[in-house]
Each structure stands twice: as C-alpha cells, then as structure tokens.
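Have a look at the structure below before the remarks.
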Amino acid sequence: MSETLSYFRQDRLPHIWCPGCGHGTITGALVRAIDRLGLDKNKIMLVSGIGCSSRAVGYLDFDTLHTAHGRALAFATGLKVARPDLKVIVMTGDGDCTAIGGNHFIHAARRNIDITTIVMNNNIYGMTSGQYSPMTPKGMLATTAPYGNSERDFDLAELAKAAGATYVARGTSFHVPMLIELLEQALQNKGFSVVEALSQCPTYMGRKNKIGSAVDMLEWIKGRTVNAKAAAALPPEKVQGKLLIGELHKSSQPEYCDEYLKATAKVRRAWKNIDGGLRGCEQNSD
Ligand code: SF4
Ligand code: MG
C-alpha cells in the first residue's frame, strides 16, 4: 500500500465524483502535503460543508465533520476555539464558501483564526446540477444562466486578503507540484490560510460551455493562469485577464485563539478555583 493510500477510508471507495473531476487531484495534493509535513493524523480535523468538493472528507481517514451547506467555517471556528491544539482544515467549494458561506469566510479571515481553508473552485455548483455561483466568470453558461452569466465573479484571493487572512494562495488541479507546496505553506501558517484551487468540472462547467473533455478543461485552466512570480516580468497583454497562481499574500497578525485565551485567562482562572472549590465541597459531603 502506498504511503498516501493509508490516509483514505478504503471502505468508502469508490468515490462518487464523475470521471475527470478535478476534486480528486486536489484531495490527493492535500494528503501529500500532510504526508510531507509529517503531521500527526490523529491531531487533524477535517471539516466540510455541502457539495461535490465537500464529499472529500468522507473519503479521508481523519476525524471529520461533514456539516451543513455554507457552514463549514462556522463549525470549524467552534471546533478550533474548543480544541486549539488540533490542526483544523476546511474543504469547501466556490458555491459553498462564497455564496451561503460568504459571511463566515470574511469573518474567519478577519479573526485570523488558525484554520486552513481549501476552496475547490470549479466555477459552478456541481452537485446540484450546474447553477452559476459567485465565482462563475461573467458571460459563461450555467443551468441558471442559459444566456450567459451577467454578474461579475469574486476574486477570492483579494477578498481573503482584504478581510484579513494571513496566508493566501491560488493553485490549480493542473499545476499539482505547486499546489502541494502551497498547501504545505498554508498548513504551516499560524492564522487563517486560504488556498483557492481551480478545479475542472467536465460534467457541468465543461459541457455547458463546450470546453470539451477533462483534459481540455485542464488546458483551459492552464490558459487562464499565470505564475505570480513570472507575471512581473511579462508584458501587460500576457497578464491581462489572467488569474495569478502561487503565493499571493503572507503577513503576520495575532491569531484569534491565542488572543481569546489571553483575554479570558483571568475569568478562566476564577472559574477553575470555583470549580475546584465546589468539587472540594462535594468530596467533604461524602
Ligand atoms: Fe466533479 Fe462536476 Fe461531477 Fe461534481 S458534477 S463530481 S464537480 S465533475
Ligand atoms: Mg463549485
């Protein structure tokens, strides 16, 4: 058995993803990043919302929470505050994270809570049959945009940075070695980390927009992106309209759980004394 296979719940396989879906590649990249860092899998908690991307946690052999639509970060926040010693990772999709979960996302970033969030962005709601999401590019077709999406899409990386995330990166299911490295960096950041991972959905995004097969979609993703390190040296016409990939932002800010523990130290000490006193009373009355 390969090393990384041991991170999967073999009894849950085969998975439900369509042939050629990018989500398996991204899940594999996460497992490889965890393996390379040598993290203790019993100290990792994976949390997901609802959607094709969120199915990933069902296949991974960690402690996992598969929660309600858009609420992965709300559950993950409670979990992290209760158990700051755990490495908490959220696996979510573009619809789950930026539509119904959008407010949880900006506030998790604002708090700089130590959670790594992987947003598998296939630019569409896959599981519910191809509706447009806040990350469907303008003009593209979806089940609910048969004449072309007339809304602008979010730049998730800019949103995360502006809201206060301390590590922000974008990778893709095409550039796998880079994605593994970005996930390694994100997992080591003490604070709110976001890795947007562009992914292909051949079944809805690809079919609706006549992009072609899964391989054609990978070429499409490749063509939409430019390496952030190379971008500065390129002429503007080569960068215009492209998505930058690589590490996009890194900063240092106090982490939420640390700040919360500091702020509540006095009251927690007082409660401990009261609790200890009460236990003493109970024992004396025996
Ligand atoms: Fe993947 Fe799209 Fe199929 Fe969902 S519908 S499993 S995102 S290819
Ligand atoms: Mg999606």
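Indexing begins at 1, ligand by ligand and atom by atom, following the structure's order.
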Pairs where residues 229-243 contributes a residue and the test side-chain hydrogen bond (donor to acceptor under 3.5 Å, both in side chains) is met, not counting sequence neighbours: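 Qualifying pairs: none.
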
For L187, the option from L37, L182, V195 that meets side chain to side chain contact (heavy atoms under 4.5 Å, CB included):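 Only match with L187 under side chain to side chain contact (heavy atoms under 4.5 Å, CB included): L37.
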
M45 and R83: CA distance, side-chain angles, deciding distance, side chain to side chain contact (heavy atoms under 4.5 Å, CB included) verdict: CA-CA 10 Å; M45 187 85 205; R83 288 289 306 272; over 6 Å; no

Between D94 and S133: side-chain donor-acceptor atoms closer than 3.5 Å: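 Yes.
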
Donor-acceptor pair between H23 and S199 side chains, under 3.5 angstrom: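 Yes, a side-chain donor-acceptor pair sits under 3.5 Å.
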
Residue-atom pairs from the protein, N, O or S only, that lie under 2.8 Å from atom 1 (Fe) of ligand 1: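 Listed by chain and number, the nearby protein N, O or S atoms are C21 SG.
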
Check against side chain to side chain contact (heavy atoms under 4.5 Å, CB included), W220 and D216: CA-CA 6 Å; W220 176 69; D216 295 326; over 6 Å; no

